[in-house]
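When a ligand or atom number is given, it counts from 1 through the structure's own listing order.
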Amino acid sequence: MIELREVSVRYGKNLIDALKNVTAVIPERSVSCVMGPNASGKTTLLKAIAQLVDYKGIIEFDGRDARKIVKTLRRVLAYVSAVEVRDLLGVTVLDLLVYSRYPVSDKFLTSIKDVEESVKTAESMGIKHLLRRRVNELSSGELQKVLIASAIVRSPEILLLDEPESHLDMRSKIWLSRFLKSMSDKITIVLSTHDPYFASLTCDYLMLLSRGRLVFSGPLDQLLRNPGVLEEVYDTPFTTVEVGDYEVLIPLPFKPQG
Ligand SMILES: Nc1ncnc2c1ncn2[C@@H]1O[C@H](COP(=O)(O)OP(=O)(O)OP(=O)(O)O)[C@@H](O)[C@H]1O
């Protein structure tokens, strides 16, 4: 369980309050989604959990203060952001996966096990054909999958994904949704997304940010029953529709009459 108490982040000279007094409990072994408009603080929230930005307040992992277990977190927590790695070196995908295992490699030395695990992960994620390709030559969608693989290959206990569905085509999005759900009995996953459809297919628990403040947190079902919360944040009407066995949230182009 990840607990945030009164977490605030203020950036540099501009004194921008990216997060303001966010208090939430993120359940373990589930998929949680952070949603909210542009600049509402989603990435900042993930970075605060990953201990990548300074924050006020308290973040605890199973009751332990994150600031006191930073070394442990480096081993058990993986943070993935496609936005921030565009300048990756010309290494191959296999190299990237093998290097990514560094924090969990036996005595921090690369072994045959690291290569085997990398190939196994690539296979399970349908990217084995990319192993010999250079990372900086991949398409955005291919890169997204490779980056998620570079986190999965470390067998993290906590996986933070910044907009993992961006750049993926519909088939890959649906695949990713199923894949993350299937991983969530072993891993605590927190992701940010702009896509309410993807969020409702994928997430058990949702957090909604508006200008750095948490305006909703709760199980998916609660948001499905009350899509008006999304309307308040996005100034756009939302509705819940049934799609096969699922209920999903979608924005409406116009306010319904009456
Ligand atoms: N390194 C930084 N220095 C200064 N301000 C920053 C920095 N990073 C983010 N911000 C500001 O903090 C606020 C929240 O940004 P953040 O990236 O967390 O939002 P977001 O919800 O992820 O946005 P988007 O959906 O557009 O990716 C924004 O106003 C942004 O301009």
For this session: Verify the neighbour count for atom CZ of R178: are there more than 12 heavy atoms of other residues, nucleotides or ligands below 6.0 Å?
Result: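 Open.
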Problem set entry | Residue K20 excluded, over 12 heavy atoms near NZ under 6.0 Å |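 Result for NZ/K20: enclosed.
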For this session: Give a yes/no verdict on a cation-pi contact between R75 and Y102, requiring under 6.0 Å between NZ or CZ and the six-membered ring centre and an angle within 45° of the axis.
Result: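 Output no; distance or angle outside limits.
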Exercise. Strictly under 4.0 Å, does any heavy atom of G36 approach an atom of ligand 1?
Worked result: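 The answer is no: ligand 1 sits nowhere under 4.0 Å from a heavy atom of G36.
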For this session: Closest by any non-hydrogen atom to atom 16 (P) of ligand 1: pick that one out of V53, T44, V9, L19.
Result: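 Closest candidate by heavy-atom distance is T44.
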Identify, by atom number and element, the atoms of ligand 1 in contact range of [X], meaning under 4.0 Å from any of its heavy atoms.
X: A18; answer: 12 (O), 13 (C), 14 (C)
X: K42; answer: 18 (O), 19 (O), 20 (P), 21 (O), 22 (O), 23 (O), 24 (P), 25 (O)
X: H194; answer: 25 (O)
X: N38; answer: 23 (O), 24 (P), 25 (O), 26 (O)

Exercise. Within the distance-only criterion (no hydrogens, no angle test), does the side chain of S177 pair as donor or acceptor with the backbone N or O of K173 below 3.5 angstrom?
Worked result: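 Judged by distance alone, no pair lies under 3.5 Å.
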Exercise. What do we get for P37 next to ligand 1 when only non-hydrogen atoms under 4.0 Å count, side chain, backbone, both or neither?
Worked result: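 Near ligand 1, P37 shows its backbone, while the atoms from C-beta on stay back.
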For this session: Record the part of K47 in heavy-atom contact with ligand 1 below 4.0 Å; permitted values are side chain, backbone, both and neither.
Result: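 Looking at K47 and ligand 1, no heavy atom falls under 4.0 Å.
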Exercise. Is E123 paired with K128 through a side-chain N to carboxylate O contact shorter than 4.0 Å?
Worked result: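 Salt bridge: yes.
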For this session: Quick one: pull up CG in L168 and CD in Q144 and give me the separation to the nearest 0.5 Å.
Result: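 With rounding to 0.5 Å, CG (L168) is 5.5 Å from CD (Q144).
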For this session: To the nearest 0.5 angstrom, please state how far the CG atom of L130 sits from the CD atom of E142.
Result: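 Reported value, rounded in 0.5 Å steps: 5.0 Å.
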Problem set entry | Polar atom proximity, G41 to ligand 1 (N or O, under 3.5 Å) |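 There is such a contact, yes.
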